[in-house]
Amino acid sequence: MKKRLGILISGRGSNLEAIADNIDAGRLEAQIALVIANTPRAAGLERARARGLKAECIRSRAMEREDYDRLLVERLRAERVELVCLAGFMRLLSAYFVEQFPQRILNIHPSLLPAFPGLEAQRQALEHGVRFSGCTVHFVDERLDAGPIVAQAAVPVLDGDDEAALAARILAQEHRIYSEAIALALGGDYRIEGRRVLRGG
Ligand code: GAR
């Protein structure tokens with residue numbers, strides 16, 4: 001049986017599409033059981049539906065964090081989701097949510113964590129003047145952009161870069177490493193020692 005993914009989004013959904021492309025091409029053994037957006041403005045919702053995926057909006061506006069997370073968990077459980085993938089989901093998860101899916105939640109972030117957590121990571125990297133940035137897939141805990149690192153990819157920051165150019169270079173790597181990290185998390189061939197995710201169970 002293919003393992004069932006739940007993908008949470010807030011925006012355009014290009015990581016979601018890259019995961020779906022890798023599944024369709026047979027490069028990732030999994031199925032997308034459910035896509036949830038926390039805002040109806042998330043363009044990824046339509047992109048998901050256009051390719052036949054079950055995609056729903058559960059609005060987070062004006063809701064208490066844990067109340068909202070209970071709704072999410074209920075839907076994810078109903079769809080028998082085994083791994084939750086945050087793909088541009090711009091909300092912190094409550095301790096309640098994290099406890100429901102221990103080490104079964106991944107997030108992707110557009111920097112080499114622990115550098116530049118939070119919003120506008122690419123702009124932070126440019127302003128800081130780093131010569132390399134990149135992206136990180138990590139297990140999620142209730143802290144912002146923290147949790148053991150599963151995969152990273154580095155890209156150079158070029159002199160002519162603006163935020164859009166750097167973001168595009170990073171995004172190409174996001175689309176590659178997220179599926180690799182999902183495969184590792186689903187396959188279980190790893191162990192966690194402290195903060196380190198080591199290959200081999
Ligand atoms: C991606 O660059 C992702 O790394 C970032 O949002 C973008 C979503 O793009 N996530 C964060 O900044 C989380 N802290 P997408 O909707 O096209 O996948």
Side-chain angles (χ1 to χ4, degrees), residues 5-16 18-19 36-39 41-44 60-61 63-66 68-69 72-73 83-158 161-182 184-185 190 192-198:
L5 305 179
I7 302 192
L8 307 188
I9 63 171
S10 300
R12 78 194 144 178
S14 75
N15 275 289
L16 155 69
I19 294 164
I36 302 176
N38 69 313
T39 162
R41 289 192 307 274
S60 58
R61 206 171 63 185
M63 284 196 73
E64 291 291 334
R65 188 174 307 285
E66 191 173 316
Y68 181 71
D69 284 2
L72 291 183
V73 167
L83 183 70
V84 179
C85 302
L86 310 185
F89 187 65
M90 303 312 253
R91 278 180 67 82
L92 262 180
L93 296 179
S94 62
Y96 166 77
F97 191 117
V98 175
E99 280 160 18
Q100 296 303 306
F101 291 95
Q103 280 168 17
R104 293 289 84 191
I105 311 168
L106 292 175
N107 180 45
I108 186 146
H109 183 76
S111 74
L112 292 174
L113 290 171
F116 316 130
L119 295 175
E120 299 185 326
Q122 301 93 336
R123 182 202 295 261
Q124 293 185 55
L126 280 177
E127 286 177 354
H128 199 88
V130 292
R131 303 303 298 183
F132 289 89
S133 190
C135 49
T136 303
V137 180
H138 63 91
F139 286 114
V140 170
D141 58 24
E142 62 273 23
R143 294 166 304 154
L144 177 68
D145 298 326
I149 290 169
V150 182
Q152 288 188 307
V155 303
V157 181
L158 305 180
D161 277 351
D162 59 10
E163 211 178 317
L166 178 59
R169 194 174 306 118
I170 293 172
L171 196 64
Q173 297 303 313
E174 294 187 37
H175 293 167
R176 183 177 62 80
I177 68 166
Y178 210 170
S179 291
E180 292 175 6
I182 290 168
L184 186 80
Y190 66 91
I192 300 181
E193 289 180 8
R195 288 195 43 87
R196 301 180 75 197
V197 180
L198 303 172

Quick check: does any side chain N or O of [X] sit under 3.5 Å from a backbone N or O of [Y], one acting as donor and the other as acceptor?
X	Y	result
Y68	L93	no
R12	A42	no
R104	V98	no
N107	H138	no
R61	T39	no
S133	S111	no

> Does CG belonging to L119 count more than 12 external heavy atoms closer than 6.0 Å?
Replying inline: no
> Does F139 reach the side chain of I105, with side-chain heavy atoms less than 4.5 Å apart?
Replying inline: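 Sidechains of I105 and F139: no contact.
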>> Side chains of V140 and F101, heavy atoms from C-beta outward: is any pair under 4.5 Å?
In response: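 In short, these two side chains do not touch, never coming nearer than 4.5 Å.
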Smallest separation among heavy atoms of [X] and [Y], with atom names:
X	Y	result
F89	L72	CZ-CD1, 4.1 Å
P110	E174	CB-OE2, 3.4 Å
I108	A87	CG2-CA, 4.4 Å
A151	I177	O-CD1, 3.9 Å
Y178	L106	OH-O, 3.1 Å
Q124	F116	OE1-CA, 3.4 Å

>> Test of understanding: with salt bridge (Lys or Arg N to Asp or Glu O under 4.0 Å), list the residues that count as partners of R196, not counting sequence neighbours.
In response: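 In terms of salt bridge (Lys or Arg N to Asp or Glu O under 4.0 Å), with neighbours along the sequence ignored, R196 is linked to no residue.
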>> Let's go through V157 and F132 carefully: what are the C-alpha distance in whole Å and the side-chain angles of both, what is the deciding distance for side-chain contact (heavy atoms from CB on, under 4.5 Å) to 0.1 Å, and is it a yes or a no?
In response: CA-CA 5 Å; V157 181; F132 289 89; 5.6 Å; no
> Can you list the steps and then say if N38 with L8 is a side-chain contact (heavy atoms from CB on, under 4.5 Å)?
Replying inline: CA-CA 8 Å; N38 69 313; L8 307 188; over 6 Å; no
Approximate separation, where rounding is to 0.5 Å, of [X] [atom1] and [Y] [atom2]:
X	Y	atom1	atom2	value
R143	D141	CZ	CG	4.0 Å
L112	C135	CG	SG	7.5 Å
R123	D162	CZ	CG	11.0 Å
T136	H109	OG1	NE2	7.0 Å
S94	D69	OG	CG	3.5 Å
S179	I19	OG	CD1	5.5 Å

>> Set out, in order, the CA-CA distance, both residues' side-chain angles and the distance that settles side-chain contact (heavy atoms from CB on, under 4.5 Å) for I149 and V197, then state yes or no.
In response: CA-CA 6 Å; I149 290 169; V197 180; 5.8 Å; no
>> Under the criterion side-chain contact (heavy atoms from CB on, under 4.5 Å), I'd like the reasoning laid out for Q173 against V155: C-alpha separation, chi angles, the key distance, then a yes or no.
In response: CA-CA 8 Å; Q173 297 303 313; V155 303; 3.6 Å; yes
Give the table of side-chain donor-acceptor pairs shorter than 3.5 Å for residues 163-171, with sequence neighbours excluded, one pair per line with atom names and distance.
from, atom 1, to, atom 2, distance (Å)
R169, NH1, P156, O, 2.9
R169, NH1, D161, OD2, 2.7
R169, NH2, D161, OD1, 2.9

